Structure formats: C-alpha cells, structure tokens
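Please read the structure below before turning to the comments.
Since this is a predicted model, take the numbers as computed values, not measurements. The analysis underlying the following values was restricted to heavy atoms, covering all of them including side chains, and did not include hydrogens, waters or symmetry mates. All ligand and atom numbering here is 1-based and tracks the order in the structure.
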Amino acid sequence: MIADPLFAVRDRVIVVTGGGGKLGGQFARALLARGAKVAVFDAADASRVRDSYSDQDTKALRCFQVDVTSPDSIVSALRNVEGEWGTPAGLINAAAIDAPPDAPPEENGPFETYPASSFDRIMAVNVKGTMLCCQAIGDAMAKAGRGSIINICSTYGLVSPDQSLYDYRRARGETFFKPVTYSASKSAILNLTRYLATYWARQGVRVNTLTPGGVFANQERDFLEGYARRTPMGRMANEDEMNGGVIFLLSDASSYMTGANLVIDGGWTAW
Ligand SMILES: NC(=O)c1ccc[n+]([C@@H]2O[C@H](COP(=O)([O-])OP(=O)(O)OC[C@H]3O[C@@H](n4cnc5c(N)ncnc54)[C@H](O)[C@@H]3O)[C@@H](O)[C@H]2O)c1
C-alpha cells in the first residue's frame, strides 16, 4: 500500500466515470493501490469492466453499468454507492467519446460537410454527461460539505487540433480532418468546471479540470513521429502519467485549489 498523508486518498469513496476505458482505468487503479474505494460508472457491461481489473485487488472496487447521459442511470448507481459506502468524496468525469479514426468519411472529413448528428452525439456524452454526473454527485457532496471533482479535458480543448498531424492520411488519399466536436466539447468542460467551482466553493466542494495530452496507444508510425515532432518533450504520454495529477487533485494536497486547470501535456500547449 502506498501512503503519504499529504496525498492520502485511503478509504475515500471515489466515482470514476469511464473507468472501463484506458485513462479511467488507470485512475481507478492508482486509487485502488492507495486504499481508496472506487465505484466505476461506465456504459460497458459491468462484469466485463470488472474482469478488466483482474490484475488488481478488487475488494474496494464496484462496477456499475451507467449511461452518463441518463440522470436515472447515474442516480440509481449513486444510491447503490451511498447505501454501501456513504457519500462519495471524489468524482472523476473521464467518460467521453470522439469520432473514432475509422468512422464514416463524412464524420472525419471536411468541416463544411460535418454531420450535425455527430455533433449532438458527442456533445451529449462529453458535456451533458459530465454536467449530469456533477449535478447528481456534486449535489450529494455539497450536502456532505466536502468533495473534489475532476473533469477531464484535452489539449484539443485548449487549442485547436494541429491538422498538419494528419497530413499523412490526406497524402494517401483520405479526406481526413480531426473533427470539430471533440474540441468544442472539451472547451466546454473548462467553463463548466469554473462555474461549478465558484458555485460550490463555500460548501467545500472543489472542482478542477485535468487536461491530458495525447496518450500512446500503438498509433500509426506517421502519427507518432508527427506527434513527437510537435511536442516539446518529443513523445506521447504513457497511460499512467496523469495519475499524479489525479491523486493531487483528489487529496488534501490541493486543498486550496478550485476552478483551475492542471495541464499534463509534455509541453504541447507551451508553444
Ligand atoms: N487517450 C488520450 O489520448 C486522451 C487525451 C486527452 C484527453 N483524454 C480524455 O481522457 C478521458 C478518457 O479517455 P480514454 O482514452 O481513456 O477513452 P476510452 O475510450 O478508452 O474510455 C472511455 C470510456 O467511456 C465510456 N463511455 C462512453 N460513453 C459513455 C456513456 N454514455 N456513459 C458512460 N460511459 C461511457 C466507454 O465505455 C469507455 O470505457 C476522456 O475524457 C478523453 O477525452 C484522452
């Protein structure tokens, strides 16, 4: 067990949305390793998500199938968590979607013909879903007089995607452009965070944004080389390199921090 009083999260009840995914899974693992009680809210099948944690001691892990766009779904899982463990002390909103790189050409094509239906679908999960989880779980935290919420943004929410990274795809005949909605949705997270930080500041609920840079996931070589050239530190992030920020923001080490944005991007937004 890893323990440092300043960064302690032991026995804290933390909800991790998107905990069935890559970064959410890392956050949940980092918390479990430090003695937190972790409730994963993910759209994927709960037993499948649970199985993905077979490398962990899962006594303090609960997995719920939750659609973050549905208030009933969030509240029902929250009632379960409260019934067993009490009011959560932390919430990480990591559930999000993007147009996958192999989406239909119009979804990853020029902005002028980008479909409105894709905009609605992505905004619903990334923005409305984050807002609804904050509403239900933040309300319970405010009533308890304490809590820490982390909303996950992206460098693409601070600055535009660099479309030149995808030149190699256009060079081979695709019409690929990194689509608009992911960026727009992630920008919205920044001010949702500031709004809620000031709204709940006197009730002991801190709300911050964590902004990761791109995470290595065996992307194509051309992409990786372009990304490395574009990044001051010369590489993508490893999956576990956001964990320090998460533990910091959830623990008392960040007790005077609210409404802020912690950027962990290898310097991407520094030039
Ligand atoms: N991976 C990166 O390079 C990167 C970079 C910057 C920011 N981020 C952000 O980090 C967060 C996690 O990203 P990731 O790479 O782990 O993504 P991921 O796709 O691996 O995981 C996302 C998870 O969200 C879940 N989800 C999707 N829709 C949902 C819904 N309606 N309700 C509940 N759960 C739902 C999925 O089932 C999945 O388990 C996201 O907010 C993402 O925008 C990721």
Side-chain angles (χ1 to χ4, degrees), residues 15-30 39-53 63-78 91-103 120-134 136-137 149-159 161-162 165 178-179 181-190 192-193 209-219 223-224 227 230-231 235-243 245-246 261-266 268-269:
V15 174
V16 182
T17 79
K22 193 167 40 179
L23 285 184
Q26 285 293 321
F27 303 155
R29 283 178 168 75
V40 165
F41 289 11
D42 197 287
D45 177 71
S47 58
R48 205 162 54 76
V49 171
R50 195 179 176 80
D51 288 348
S52 71
Y53 286 87
C63 298
F64 300 90
Q65 186 164 25
V66 171
D67 176 358
V68 295
T69 68
S70 156
D72 289 349
S73 177
I74 298 165
V75 169
S76 150
L78 174 62
L91 163 65
I92 308 174
N93 282 304
I97 56 172
D98 191 2
D102 57 352
D120 290 343
R121 192 168 49 82
I122 293 170
M123 291 300 266
V125 176
N126 297 8
V127 184
K128 187 170 83 174
T130 301
M131 186 279 290
L132 289 173
C133 288
C134 288
I137 300 164
I149 298 176
I150 306 175
N151 293 324
I152 305 296
C153 182
S154 162
T155 45
Y156 283 6
L158 296 186
V159 294
D162 182 344
L165 269 188
K178 184 74 183 166
T181 314
Y182 185 75
S183 289
S185 72
K186 289 296 174 178
S187 307
I189 294 299
L190 291 165
L192 173 66
T193 293
T209 302
L210 190 151
T211 298
V215 176
F216 176 76
N218 288 314
Q219 289 92 341
F223 176 84
L224 289 172
Y227 197 98
R230 172 67 179 71
T231 309
R235 63 175 177 86
M236 298 195 83
N238 298 321
E239 278 186 5
D240 61 358
E241 287 186 302
M242 312 301 147
N243 292 348
V246 162
N261 179 27
L262 183 59
V263 181
I264 305 179
D265 69 351
W268 176 278
T269 52

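- Close contacts between ligand 1 and Gly18 involve ligand atoms 23 (C), 24 (O) [criterion: under 4.0 Å to a heavy atom].
- Here the CD1 atom belonging to Ile150 is positioned 11.0 Å from the OG1 atom belonging to Thr17, to the nearest 0.5 angstrom.
- Taking the six-membered ring where tryptophan is involved, the planes of Trp268 and Tyr156 are tilted, since the angle between them lies from 30° to 60°.
- Of the protein's non-hydrogen atoms, Ala96 O, 4.6 Å is the one closest to atom 19 (O) of ligand 1.
- For ligand 1, the polar-atom distance check against Ile97 finds no nitrogen or oxygen pair separated by under 3.5 Å.
- For the side chain to side chain donor-acceptor pair (under 3.5 Å) with Asn151, the lone residue among Thr193, Thr211, Asn261 that qualifies is Thr193.
- The shortest N/O to N/O separation between Val215 and ligand 1 falls below 3.5 Å.
- Taking a cut-off of under 4.0 Å to the non-hydrogen atoms of Gly21, the atoms of ligand 1 that pass are 16 (O), 20 (O), 21 (O), 39 (O).
- Short contacts between ligand 1 and Cys153, defined as distances under 4.0 Å to a heavy atom of the residue, involve ligand atoms 7 (C), 9 (C).
- Below 4.0 Å from some heavy atom of Ile152 lie the following atoms of ligand 1, by number and element: 9 (C), 10 (O), 11 (C), 41 (O).
- When all heavy atoms of Gly20 and Val49 are compared, the closest pair comes out as CA-CG1, 3.9 Å.
- Taking only nitrogen or oxygen atoms, main chain and side chain alike, Lys22 reaches within less than 3.5 Å of ligand 1.
- In the candidate list Ala94, Ala124, Ala43, Ser73, Ala94 is nearest to atom 12 (C) of ligand 1, counting heavy atoms.
- The shortest heavy-atom contact between Leu78 and Ala136 is CD2-O, 3.7 Å.
- The pair Lys178-Asp98 meets the salt-bridge criterion, with a side-chain N (NZ, NE, NH1 or NH2) lying under 4.0 Å from an Asp/Glu carboxylate O.
- Remark: ligand 1 and Asn93 share no N or O pair separated by less than 3.5 Å (distance only, no angle test).
- Remark: Arg235 fails to qualify as a cation-pi partner of Phe216 under the 6.0 Å distance and 45° angle criteria applied to the six-membered ring.
- Just one of Leu192, Leu190, Val263 meets the side-chain contact (heavy atoms from CB on, under 4.5 Å) condition when paired with Cys153; it is Leu190.
- Near Gly214, the atoms of ligand 1 lying under 4.0 angstrom from a non-hydrogen atom of the residue are 3 (O).
- Here the shortest heavy-atom distance to atom 8 (N) of ligand 1, taken over Tyr182, Phe64, Tyr156, belongs to Tyr182.
- Nearest non-hydrogen protein atom to atom 14 (P) of ligand 1 is Leu23 N, 3.9 Å.
- The distance criterion of under 3.5 Å between nitrogen or oxygen atoms is not met by Ala95 with respect to ligand 1.
- For ligand 1, the polar-atom distance check against Phe41 finds no nitrogen or oxygen pair separated by under 3.5 Å.
- Using a 4.5 Å heavy-atom threshold, the side chains of Tyr227 and Leu165 count as touching.
- Checked by distance only, ligand 1 and Val125 stay at 3.5 Å or farther apart across all their nitrogen or oxygen atoms.
- Within 4.0 Å of atom 17 (O) of ligand 1, not a single protein heavy atom is present.
- Counting protein heavy atoms under 4.0 angstrom from atom 39 (O) of ligand 1 gives one or more.
- A side-chain contact (heavy atoms from CB on, under 4.5 Å) with Asn126 is found for one member of Ile189, Ile97, Thr69 and no other, namely Ile97.
- Among protein heavy atoms, the minimum distance from atom 31 (N) of ligand 1 is reached at Asp67 OD1, 3.0 Å.
- The distance criterion of under 3.5 Å between nitrogen or oxygen atoms is not met by Thr69 with respect to ligand 1.
- Using a 4.5 Å heavy-atom cutoff, the side chains of Ser183 and Pro161 are in contact.
- No donor-acceptor contact under 3.5 angstrom links the side chains of Asp72 and Ser70, judged on distance only.
- Each of Leu210, Thr209, Asn93 was compared with Ile152 under the side-chain contact (heavy atoms from CB on, under 4.5 Å) criterion, and only Leu210 meets it.
- Scanning all protein heavy atoms for the shortest distance to atom 5 (C) of ligand 1 gives Gly213 O, 3.3 Å.
- Distance from atom 36 (C) of ligand 1 to its nearest protein heavy atom, with residue and atom name: Asp42 OD1, 3.6 Å.
- Remark: minimum distance from atom 6 (C) of ligand 1 to any protein heavy atom is reached at Pro212 O, 3.3 Å.
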* **Intermediate values then yes/no, side-chain contact (heavy atoms from CB on, under 4.5 Å), Val68 and Val125** => CA-CA 7 Å; Val68 295; Val125 176; 4.2 Å; yes
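- Look at Ala237 and you'll find every heavy atom at least 4.0 Å from all atoms of ligand 1.
- Counting heavy atoms from C-beta on, the side chains of Tyr53 and Val40 come closer than 4.5 Å.
- Heavy-atom contacts of Lys186 reach the following atoms of ligand 1: 40 (C), 41 (O), 42 (C), 43 (O) (cutoff under 4.0 Å).
- When side chains are defined from C-beta on, Met236 counts as touching Leu224, because their heavy atoms get closer than 4.5 Å.
- Residue contact check: Val66 has heavy atoms under 4.0 Å from atoms 32 (N), 33 (C) of ligand 1.
- Nearest non-hydrogen protein atom to atom 32 (N) of ligand 1 is Val68 N, 2.9 Å.
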